[in-house]
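Chain letters run A, B, ... following the sequence lines, proteins first, then strands; residues in each count from 1. None of the values given here were measured: they were computed from a predicted structure. Because only heavy atoms are used, hydrogens play no part in the values below, and waters and symmetry mates are left out as well, while side chains stay in.
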Amino acid sequence: MKPSGIPIVYAPTATGKTEIVMSLSKILNIEICSMDSMQIYKKMDIGTAKPTQNELSKYPHHLLNIVFPDENYDVNRYRKDALNIIDSIKKNGNTPLFVGGTGLYMDALRYGLFEGVSRDENLRKELEKKETESPGVLMEILTRVDPEAASKIHPNDLKRKIRALEVFYLTGKRFSEIGRERKADERFIMIYLIRNREAIYKRVNARVEMMIKKGLIEETAELMRDYSPHLQSMKAIGYRETIDFLNGCFESKEAFVETLKKNTRHYAKRQIIWARRYKEIFPVTVDDKETKEICDEITTILSTHGKAFNSL
RNA sequence: GGCGCGGUAGCUCAGUUGGUAGAGCAGCGGACUGAAAAUCCGCGUGUCGACAGUUCGAUUCUGUCCCUCGCCA
């Protein structure tokens with residue numbers, strides 16, 4: 001069977017996405033595309049909970065292991081890469097299916113991004129320096145040039161202040177105006193796997209223990225030899241804490257593990273909250289259900305609500 | 001059994017010279033357009049161990065009891 005539309009399976013970390021999608025690919029004629037901002041990195045396997053080599057050989061994933069940890073990568077690049085992959089999969093007569101937990105990437109797929117305002121590293125550094133020299137200036141400037149954006153961004157949110165000003169300086173247009181037009185790309189059908197919160201937290205805790213057993217610390221030590229801890233990739237949950245642990249910032253290994261669990265739980269929570277913004281997302285509860293039952297529900301949603309892939 | 005320290009939020013604890021209480025962590029809620037596993041914001045009512053006494057009023061003072069921990073037998 002061939003699904004209509006392009007399914008996106010979104011779920012917080014440790015929900016069990018991989019297993020479900022692998023089963024799904026047995027019933028549906030799909031090619032799996034990862035939608036995960038950290039699994040794009042090579043060499044970061046254990047900490048990002050990538051599928052195993054064995055799983056990948058049976059169920060190949062696109063958009064996985066595509067850049068090195070010190071390469072710049074961002075939503076825009078992801079969107080371009082994804083659109084290219086979609087094209088080539090389509091040419092093969094197959095259907096792509098996206099799985100992952102990066103909300104912003106899902107958003108960029110379905111709603112797009114506004115055009116042509118990429119990051120400017122030098123400008124960012126300059127703005128950051130300004131702010132350090134006299135705290136509060138960026139907000140003052142932003143209030144003058146783009147009051148609407150200024151009112152929406154919290155004064156402490158440095159990244160967003162910088163971004164809004166960056167857009168203004170680079171384009172002369174206001175960040176608040178440029179982002180206004182967004183239309184959904186109806187090809188994408190968002191499915192949200194819901195698991196009971198407590199169950200997710202339990203699974204998170206278990207997964208962290210498993211990661212340590214599998215060699216998270218060794219993997220991180222290896223990465224530290226080649227890469228700076230200041231890289232975005234190295235700030236990912238799991239690596240960040242392990243770097244601190246290896247640098248002796250924790251009183252004990254237990255304290256390190258507890259912190260790692262806690263940060264992962266917080267992350268899962270943010271992912272859950274992200275999903276609440278979409279009224280058009282299809283929820284599928286997963287608790288106490290067999291994988292087969294879950295797959296059936298998903299295929300039903302796809303056949304009932306999806307638009308024909310080939311017609312678009 | 002005796003002595004001592006404690007018993008306050010899910011946890012660790014602070015505090016109230018008597019007017020029913022607040023921090024950190026956990027937890028919860030939220031924001032989010034080229035760094036997103038990032039970044040940022042908001043939320044604290046709980047038989048103050050139990051019972052009795054003193055008092056206009058007790059979580060606070062007094063007494064008895066229960067429990068934890070420590071020391072001595």
Check whether the side chains of [X] and [Y] place a donor and an acceptor atom closer than 3.5 Å, and report yes or no.
X: A/Lys50; Y: A/Asn65; result: yes
X: A/Thr285; Y: A/Lys289; result: yes
X: A/Tyr278; Y: A/Asp107; result: yes
X: A/Asp36; Y: A/Thr102; result: no
X: A/Thr291; Y: A/Glu19; result: yes

For [N] and [M], measure between their [atom1] atoms and round to the nearest Å.
N: B/rA73; M: B/rG6; atom1: P; result: 23 Å
N: B/rU20; M: B/rU47; atom1: C1'; result: 11 Å
N: B/rA9; M: B/rC43; atom1: C1'; result: 14 Å
N: B/rC11; M: B/rG34; atom1: P; result: 42 Å
N: B/rG19; M: B/rC48; atom1: P; result: 15 Å
N: B/rA14; M: B/rU54; atom1: P; result: 32 Å
N: B/rU62; M: B/rG22; atom1: P; result: 25 Å
N: B/rC72; M: B/rU12; atom1: P; result: 26 Å

Do the side chain of [X] and the base of [N] come within less than 3.5 angstrom through a donor-acceptor pair of N or O atoms?
X: A/Arg163; N: B/rA36; result: no
X: A/Arg124; N: B/rA35; result: yes
X: A/Lys269; N: B/rG27; result: no

Nearest-Å distance, [atom1] ([X]) to [atom2] ([N])?
X: A/Leu83; N: B/rG34; atom1: CG; atom2: P; answer: 17 Å
X: A/Arg160; N: B/rU39; atom1: CZ; atom2: C1'; answer: 6 Å
X: A/Ile178; N: B/rG34; atom1: CD1; atom2: P; answer: 11 Å
X: A/Leu104; N: B/rU39; atom1: CG; atom2: C1'; answer: 12 Å
X: A/Ile153; N: B/rU33; atom1: CD1; atom2: P; answer: 8 Å
X: A/Phe168; N: B/rU33; atom1: CZ; atom2: C1'; answer: 18 Å
X: A/Tyr10; N: B/rA36; atom1: OH; atom2: P; answer: 14 Å
X: A/Ile162; N: B/rC32; atom1: CD1; atom2: C1'; answer: 16 Å

Candidate nucleotides [options], ranked by approach to the side chain of [X] - the nearest:
X: A/Gln232; options: B/rA31, B/rU33, B/rA35; answer: B/rA35
X: A/Trp274; options: B/rA36, B/rU33, B/rC40; answer: B/rA36
X: A/Asp74; options: B/rU33, B/rA35, B/rA26; answer: B/rA35

Determine the contact category for [X]: base if any of its heavy atoms lies under 4.0 Å from a base atom, sugar-phosphate if only primed atoms, P, OP1 or OP2 are that close, otherwise nothing.
X: A/Thr264; result: nothing
X: A/Tyr239; result: nothing
X: A/Asp107; result: nothing
X: A/Gly238; result: nothing

Base of B/rG42 relative to its sugar, syn (within 90° of 0) or anti?
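With its glycosidic angle more than 90° from zero, B/rG42 counts as anti.
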Go through the steps to decide whether A/Leu109 and A/Asp185 satisfy the test side-chain contact (heavy atoms from CB on, under 4.5 Å), and finish with yes or no.
CA-CA 8 Å; A/Leu109 287 177; A/Asp185 182 339; over 6 Å; no
For the pair A/Tyr192 and A/Tyr10, name the ring-plane relationship: parallel under 30°, tilted 30 to 60°, perpendicular over 60°.
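Ring orientation of A/Tyr192 relative to A/Tyr10: tilted.
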Ignoring backbone atoms, test whether [X] places a side-chain nitrogen or oxygen under 4.0 Å from the OP1 or OP2 oxygen of [N].
X: A/Asn156; N: B/rC40; value: no
X: A/Lys152; N: B/rC32; value: no
X: A/Arg277; N: B/rA31; value: no
X: A/Arg270; N: B/rC32; value: no
X: A/His266; N: B/rA26; value: yes
X: A/Tyr105; N: B/rA36; value: yes
X: A/Arg197; N: B/rC28; value: yes
X: A/Tyr278; N: B/rC32; value: no
X: A/Arg265; N: B/rC28; value: no

Taking the nucleotide of RNA chain B with the nearest heavy atom to each, does A/Tyr267 or A/Tyr201 sit closer to the 5' end?
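By nearest-heavy-atom nucleotide position, the 5'-most residue is A/Tyr201.
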Return whichever of A/Ile237 or A/Lys262 has its heavy-atom-nearest nucleotide of RNA chain B closer to the 5' end.
A/Lys262
Ring-face cation contact, A/Trp274 with A/Arg270, 6.0 Å cut, 45° max:
no
For B/rA14, what is the paired nucleotide under Watson-Crick or G-U wobble rules, both distances under 3.5 Å?
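Because no pair has both required distances under 3.5 Å, B/rA14 counts as unpaired.
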